[in-house]
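Reminder, nothing fancy here: chain letters follow the sequence lines and each chain counts from 1.
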Amino acid sequence: METLKRLKVIFEPELKKEIKKVAKEVTLEAGEVIVDIGQTIHSIPLIISGSIKVSRLDDDGKEILLYYVNSHESCAMTFTCCMEQRPSEIRAVAENQVTFLAIPVEYMDRWMMKYVTWKNFIMGTITSRFNELLRTIDLIAFQKLDERLKHYLEQKAITTNSKLLNLSHEEIANDLATSRVVISRLLKKLENDGLLLLYRNQIKLLSAFKVKID
DNA sequence: ACATTAAGTGATT
DNA sequence: AATCACTTAATGT
């Protein structure tokens, strides 16, 4: 399985062998649901290419974006759900065409004990996700929607690997759980600041907008 | 040409 | 920052 080589994680050879043995390679098209709220997860994904959008539903059943899982990453929420075999709190949808290795949950525990690199990998993705969520909580608490928007655009550029984003203001507003009018105003400000250009259903990030792609 | 949908803006809470 | 009300611009039929 050459796909494993493309992961930048450094797993020890024995672990790689085990992964090859038990993992199933799955490819999904954009929009396909991987897990929905209430479902129980039986395997954890190691993303080879593409990305997954992870969201939860608020009280009114509206979708609110939590984060994207990109290439070479895995989803922190699935770990916690898997451990206890509890129903998923989140919904995961393929953002674009995505291929990942599905690893059955029972190996999670076993490998944690057996392989340091696996433990480090799991802990690493949980910590970085936790820190990111902490940051967005801060931004929400201090009502810094403009910074959340910038972060959102940056993530979007990373997942699509393009500075040309095909998004309407309304979609952004839905993802950030706010109103379209607010997004339009903030985007206009960013445009005036020379960070981006606005078109209909399209946003072009300029070089002044620091994103490390290409 | 007309209807529909996306985006821009002032005023108000 | 959210909502309302309204305008303007772009796009589809």
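Remark: A/Ser179 is not in phosphate contact with C/dA1, judged by side-chain N or O atoms under 4.0 Å from OP1 or OP2.
For the pair A/Asn201 and A/Asp146, both in contact range of DNA chain C, the more 5′-proximal nearest nucleotide belongs to A/Asp146.
Distance A/Leu186 CG to B/dT9 P: 13 Å, rounded to the nearest Å. With rounding to whole Å, A/Glu191 atom CD is found 7 Å from B/dG8 atom P. Between the CZ atom of A/Arg180 and the C1' atom of B/dG8 there is a distance of 7 Å, rounded to whole Å. Distance A/Asn192 CG to B/dA7 C1': 14 Å, rounded to the nearest Å. When the P atom of C/dA9 is taken as reference, atom CG of A/Leu187 falls 19 Å away, rounded to whole Å. Between the P atom of C/dA1 and the CZ atom of A/Arg148 lies a distance of 9 Å, rounded to the nearest Å. Look at CG on A/Leu190: it is 15 Å from P on B/dA7, rounded to the nearest Å. The NE2 atom of A/His169 sits 13 Å away from the P atom of C/dA10 (whole-angstrom rounding).
Closest approach of A/Leu66 to A/Leu133, counting heavy atoms only: O-CD2, 4.3 Å.
Within 3.5 Å, no donor on the side chain of A/Arg185 pairs with an acceptor on the base of C/dA1, nor the reverse. Taking 3.5 Å as the limit, the base of C/dT11 and the side chain of A/Arg200 contain no donor-acceptor pair of atoms between them.
Nearest nucleotide to the A/Gln143 side chain, out of B/dG8, C/dA1, C/dC4: C/dA1.
Heavy atoms of A/Ser168 sit under 4.0 angstrom from primed sugar atoms or phosphate atoms, though from no base atom.
A donor-acceptor pair under 3.5 Å links the side-chain atoms of A/Arg148 to the main chain of A/Leu176, judged by distance alone.
The aromatic rings of A/Tyr115 and A/Trp111 stand perpendicular to each other, their planes meeting at an angle above 60°, with 30° marking the opposite boundary. Taking the six-membered ring for Trp and thresholds of 30 and 60 degrees, A/Phe121 and A/Phe11 have ring planes more than 60 degrees apart, a perpendicular arrangement.
A donor and an acceptor atom, one from each side chain of A/Ser74 and A/Thr125, are nowhere located under 3.5 Å apart.
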